[in-house]
Amino acid sequence: MKRKNRMLCSVFLALTLSLSLAACGSGTGGVTPPPESAAPAQSARGESSVPVTLKVASQDAADSQAGRLLNQFKESVEERSGGSITVDLHFAGTLGSLNDMIEGVSMGTIDMATAGIGAFQSYCDNMMIFDNYFVGTLDGFVSVWNSDVGQQVLEQLREEAGIYTVGYNLCGVGHVEYWTNRDYDSIESLHNANLRTNGTKTVNLACEAIGAVGVGVSNAEQYNAFQTGMVDAMSLDAANMIDLGFLEKGMYELDIIDNYLASALVISQTAWEKLSEEQQQVIRTCAQDYSDTSGQQYEQKLADTAEALKEFQVKLCSISEEEIARLNEMVREKLYQYYSDLCDTQVLEQAAAVLGK
């Protein structure tokens, strides 16, 4: 199993690299049996599936759009499995930070999780072909995901890290977004800014590109540090700021470029292998519904987020458009260098061909 040390730096206040999607715990071991009274489901071949409970970790709030989508997945799985699968959801980082959560799935101590695509790059470099800076658009992401090269990379993540990707979520908005209580009027004013982020690799590199100093922590820890004045800014997408109740009137945001953030729905290989073939098919079918529904919700999420930002009277930092363009270029150069240095050249070229680049 391939492992890489993760840099936990991050970037500072940038508003919406808006339009994302995510953007988006940890627990006790593998698949655990429910009460003995649960009746095993019968497969089409007349075989019975052993009842299991899947512990699922998420950084999202239970009442957020991403949280509601995960609840729909739970209900669908439990119904279609005839009760042989119980889905135990843990929201808002209650099982640990983003990195803890992914590590738990990889090690088999957490059964399932949903997390931003960037969180998996530390386990498989080629996962960067799904990065929002590379694919550029929502349609681009879906095209790469469904392509031969996309599926090969997902299988590589499974082989190298024991993480089996079964679906994606497209209902987040914003990626490298920074929130602060003060105005910033130049790139230089961002240098050495002290911030907190979710710790994903591309966010870390964006931080480095603009000279900010960041530390990756859970969403709740970010907000607590920001509220108490321990840090200058926090980085979280707009949708999560709203869903988690972190957005406050009068906040400043730095709007760099429009993009989106997709999240992956994953299951531990350890947990997957303990499921019967029938149960595995239930997970696949429900994960496909989960992915399709998230795409349908995407446009509405954008509109709802824009309205909420108006309601909270969010103010844009006064960095000029010229400076913003320079910021964008600095971040892009840093990230594309990262792609070309670490991603398999042939994989990168194949993904670029799918995108028509």
Side-chain angles (χ1 to χ4, degrees), residues 21-22 24-25 27-91 95 101 104-105 108-115 142 145-146 150-151 154-155 157-158 162-172 262-298 300-301:
L21 240 171
C24 338
T28 67
V31 182
T32 55
E36 294 181 0
S37 58
Q42 293 293 319
S43 72
R45 297 171 300 185
E47 301 171 347
S48 62
S49 296
V50 176
V52 296
T53 294
L54 298 175
K55 180 171 286 189
V56 184
S58 172
Q59 292 286 303
D60 299 301
D63 59 353
S64 66
Q65 187 165 354
R68 291 191 294 272
L69 186 64
L70 201 54
N71 265 304
Q72 291 175 24
F73 173 77
K74 165 188 169 67
E75 294 170 4
S76 181
V77 168
E78 292 177 348
E79 179 180 353
R80 295 193 186 198
S81 69
S84 76
I85 303 176
T86 298
V87 179
D88 182 19
L89 300 178
H90 296 262
F91 291 104
L95 295 182
M101 184 171 69
V105 174
T109 57
I110 298 176
D111 300 321
M112 295 187 71
T114 178
V142 175
W145 181 280
N146 290 325
Q151 291 301 304
L154 295 179
E155 181 60 24
L157 176 67
R158 181 179 183 175
I163 299 173
Y164 180 31
T165 310
V166 293
Y168 57 78
N169 176 3
L170 302 174
C171 62
S263 296
L265 178 65
V266 299
I267 184 169
S268 165
Q269 184 66 26
T270 301
W272 182 258
E273 291 174 352
K274 292 181 180 180
L275 299 175
S276 68
E277 290 184 9
E278 182 186 26
Q279 290 170 328
Q280 290 175 351
Q281 185 56 47
V282 167
I283 295 294
R284 289 192 190 97
T285 300
C286 295
Q288 183 62 58
D289 291 344
Y290 171 92
S291 301
D292 293 343
T293 301
S294 76
Q296 296 164 9
Q297 294 175 343
Y298 179 68
Q300 186 60 49
K301 187 66 174 180

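For the atom pair OG of S268 and CG of L54, the computed distance is 10.0 Å after rounding to the nearest 0.5 Å. Atoms OG1 and CD1, from T270 and I163 in turn, are 10.5 Å apart once rounded to the nearest 0.5 Å.
Nearest heavy atom pair, residue L95 against residue A57, reads CD1-CB, 3.9 Å. Residues A115 and M101 approach most closely at CB-CE, 3.6 Å, considering heavy atoms. Considering all non-hydrogen atoms of both residues, I267 and V105 come closest at C-CG1, 3.9 Å.
No side-chain heavy atom of L154 sits less than 4.5 Å from a side-chain heavy atom of R158. When side chains are defined from C-beta on, I283 counts as touching V77, because their heavy atoms get closer than 4.5 Å. Between Q72 and Y290, every side-chain heavy-atom pair lies at or beyond the 4.5 Å cut-off. Looking at L70 and F91, their side chains come closer than 4.5 Å, going by heavy atoms from C-beta outward.
Side-chain N or O atoms of Q269 include none that pairs as donor or acceptor with a backbone N or O of Y164 at under 3.5 Å. Here the side chain of S81 pairs no donor or acceptor atom with the backbone of Q279 at under 3.5 angstrom. A donor-acceptor contact shorter than 3.5 Å is absent between the side chain of Q65 and the backbone of S294.
Residues satisfying the side-chain hydrogen bond (donor to acceptor under 3.5 Å, both in side chains) test with D63, not counting sequence neighbours, are none. Under the rule for a ring-ring contact (aromatic ring centres under 6.0 Å, His included), the partners of Y168 that lie at least two apart in sequence or sit in another chain are F141, W145. Under the salt bridge (Lys or Arg N to Asp or Glu O under 4.0 Å) criterion, E75 pairs with no residue at all, not counting sequence neighbours. Qualifying side-chain hydrogen bond (donor to acceptor under 3.5 Å, both in side chains) partners for Q151, counting only residues two or more places apart in sequence or in other chains: none. The salt bridge (Lys or Arg N to Asp or Glu O under 4.0 Å) test applied to E273 returns no partner, not counting sequence neighbours. Residues satisfying the side-chain hydrogen bond (donor to acceptor under 3.5 Å, both in side chains) criterion with S76, sequence neighbours excluded, are R80. Legend: residues meeting side chain to side chain contact (heavy atoms under 4.5 Å, CB included) with S64, ordered by chain and number and at least two apart, are D60, A61, A66, D243. When the side chain to side chain contact (heavy atoms under 4.5 Å, CB included) test is applied to Q281, the partners found at least two apart in sequence or on another chain are R284, T285. Looking at residues two or more places apart in sequence or on another chain, you find no side-chain hydrogen bond (donor to acceptor under 3.5 Å, both in side chains) involving N71.
L89 pairs with exactly one of M112, K74, K55 by the side-chain contact (heavy atoms from CB on, under 4.5 Å) rule, that one being K74.
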Exercise for the section: List the steps and the verdict of side chain to side chain donor-acceptor pair (under 3.5 Å) for Q296 and D292. Expected result: CA-CA 7 Å; Q296 296 164 9; D292 293 343; over 6 Å; no
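Under a cut-off of 6.0 angstrom, the local environment of CD in E79 is sparse, with at most 12 non-hydrogen atoms contributed by other residues, nucleotides or ligands.
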